[in-house]
Peer 1: 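What follows is a structure written as structure tokens; I'll ask about it next.
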Amino acid sequence: MRITILTLFPAMFDGALGESILRRAVDQGALQVERRNIRDYAQDRHHVVDDSSYGGGPGMLMKPEPLFRAVEDVRCQAGESGTWVVLMSPQGRTFTQKTAAELAGKPHLVLVCGHYEGVDERFREHGVDDEISIGDYVLTGGEPAALVVMDAVARLLPGVLGDPTSSEMDSFSAGLLEYPQYTRPAQFRAWKTPPVLLSGDHQAIARWRRRQAILRTLRRRPELLDTAGLSPDEIADALGPDPEGDAA
Ligand code: 9D3
């Protein structure tokens, strides 16, 4: 897969691309990342990319010409087919794991990062295929959001993470929060690892984990249970008679 990032601040991606999983994905050839500076597509002498808003109001907007020229240049060089252009924007559809999976199927993603108070409406309307927000909070620009999208998409590409983990394969745990996890030492300070996890009884461990995952989801993110595909019976069944006395 290929990802092109259109940004006024290409260096903001240096750190993330130079480390860890994203770097490995690029080194392995599973992912090709290209950054282009939108300012390079401005045609006036001072490479101006922003201007004030018609009708007045505070702040600056990104001018349409450099944005259209940048996207059209990428689309032409890519041969047009399979290029999916996404504007990172607070007004976009909210990014989820489902969106990540959908975008991971595109051969060429173009992530456009806005800055200032936003972009000229004609670019939003006629220049892009999609518009995505990563959640309801205010960033200084689209770059951190593009990084989030790129990271979530990259780990879904074949070969990037190695084999999918068994919990990702396990349809029972889909849509639930994770169960509590422990590693050595068995006791740290006053805090002991739940004995069932040291018991070697794999069936008991699986039951305990499932119960913990459901309890935790019920307490912290009850709305997730609506889409986890669990019937009330399955929930009651997994929770059972409450052996630890910690029912919700
Ligand atoms: C006062 C109106 N503001 C909208 C909330 C203007 C504005 C603030 C911040 C316009 C753009 C931005 C920069 N943010 C993004 O470009 C952005 C973003 C975000 O702020 N939150 C979540 N997802 C995203 S994707 C792009």
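Counting starts at 1 for both ligands and their atoms, in listed order. Residue numbers run from 1 in the order of the sequence given. Computed from a prediction, not measured in an experiment: that's the story for all the values here.
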Peer 1: In terms of the angle between their ring planes, are Tyr182 and Trp208 parallel, tilted or perpendicular, with boundaries placed at 30° and 60°?
Peer 2: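 Judged by the thresholds at 30° and 60°, the geometry between Tyr182 and Trp208 is tilted.
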Peer 1: Counting heavy atoms only, name the option from His115, Glu131, Glu117 that's nearest to atom 3 (N) of ligand 1.
Peer 2: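 Looking at heavy atoms only, Glu117 sits closest to atom 3 (N) of ligand 1.
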Peer 1: Could you tell me if the ring centre of His115 sits under 6.0 Å from that of Phe9?
Peer 2: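 Yes, close enough.
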Peer 1: Nearest heavy-atom pair of Val110 and Val74: which atoms, and what distance?
Peer 2: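 Between these two residues, the closest heavy atoms are CG2-CG1, 3.7 Å.
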Peer 1: Among all the protein's non-hydrogen atoms, which is closest to atom 23 (N) of ligand 1, and how far away is it?
Peer 2: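 Sorting protein heavy atoms by distance from atom 23 (N) of ligand 1 puts Ile134 N, 3.0 Å first.
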Peer 1: Just jot down the ligand 1 atoms closer than 4.0 angstrom to any heavy atom of Ser89, in number order.
Peer 2: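 Checking each atom against Ser89, I get 25 (S), 26 (C).
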Peer 1: Any donor-acceptor pair under 3.5 Å linking the side chain of Asp50 with the backbone of Met62?
Peer 2: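 Checking the backbone N and O of Met62 against the side chain of Asp50, no donor-acceptor pair under 3.5 Å is found.
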Peer 1: Testing Val128, Leu61, Leu87 for side chain to side chain contact (heavy atoms under 4.5 Å, CB included) with Val119, which one passes?
Peer 2: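 Going through the options one by one, the only one that passes is Leu87.
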Peer 1: Closest non-hydrogen protein atom to atom 22 (C) of ligand 1, residue and atom name please, with distance?
Peer 2: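 I find the closest protein heavy atom is Gly135 O, 3.2 Å.
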Peer 1: Nearest 0.5 Å, please: how far is CG in Leu147 from CE in Met88?
Peer 2: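 So the CE of Met88 and the CG of Leu147 are separated by 10.0 Å.
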Peer 1: Is ligand 1 under 4.0 Å from a heavy atom in the side chain of Cys113, in the backbone, in both, or in neither?
Peer 2: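 Answer for Cys113: neither.
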Peer 1: Counting non-hydrogen protein atoms only, what is the nearest one to atom 5 (C) of ligand 1? Give residue, atom name and distance.
Peer 2: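 Among all protein heavy atoms, the one nearest atom 5 (C) of ligand 1 is Val138 CG2, 4.1 Å.
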Peer 1: Ligand 1 versus Ser133, non-hydrogen atoms closer than 4.0 Å: side chain, backbone, both, neither?
Peer 2: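 Within the 4.0 Å criterion, Ser133 contacts ligand 1 through backbone and side-chain atoms alike.
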Peer 1: Relative to ligand 1, is Asp136 under 4.0 angstrom through side chain, backbone, both or neither, heavy atoms considered?
Peer 2: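 Contact part for Asp136 vs ligand 1: neither.
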Peer 1: Find all atoms of ligand 1 within a distance of less than 4.0 Å from any non-hydrogen atom belonging to Gly142, and give their numbers and elements.
Peer 2: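 Under 4.0 Å from Gly142, ligand 1 has these atoms: 15 (C), 16 (O), 26 (C).
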Peer 1: In terms of atom number and element, which parts of ligand 1 are under 4.0 angstrom from non-hydrogen atoms of Ile132?
Peer 2: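 Listed by number with element, the hits are 25 (S).
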Peer 1: Taking side chain as C-beta onward, heavy atoms only, is Leu176 less than 4.5 Å from Leu230?
Peer 2: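 They are in side-chain contact.
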Peer 1: Below 3.5 Å, N or O to N or O, backbone or side chain included: is there any such pair between Gly118 and ligand 1?
Peer 2: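 Checking ligand 1 against Gly118, no N or O pair falls under 3.5 Å apart.
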Peer 1: Quick check against the 3.5 Å criterion: does Arg69 have a side-chain atom that pairs as donor or acceptor with the backbone of Tyr41?
Peer 2: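 Indeed, once roles are kept as given, a pair shorter than 3.5 Å links the two residues.
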Peer 1: How far is atom 12 (C) of ligand 1 from its nearest protein heavy atom, and which residue and atom is that?
Peer 2: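 The protein heavy atom lying closest is Leu139 O, 3.7 Å.
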Peer 1: Nearest protein heavy-atom contact for atom 17 (C) of ligand 1: which residue, which atom, what distance?
Peer 2: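 Sorting protein heavy atoms by distance from atom 17 (C) of ligand 1 puts Pro90 CD, 3.7 Å first.
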Peer 1: Could you tell me the residue and atom name of the protein heavy atom closest to atom 21 (N) of ligand 1, and the distance to it rounded to 0.1 Å?
Peer 2: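 For atom 21 (N) of ligand 1, the nearest protein heavy atom comes out as Tyr137 O, 2.8 Å.
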Peer 1: If you measure from CZ on Arg36 to CG on Leu6, what distance do you get to the nearest 0.5 Å?
Peer 2: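 Rounded to the nearest 0.5 Å, the CZ-CG separation comes out at 7.5 Å.
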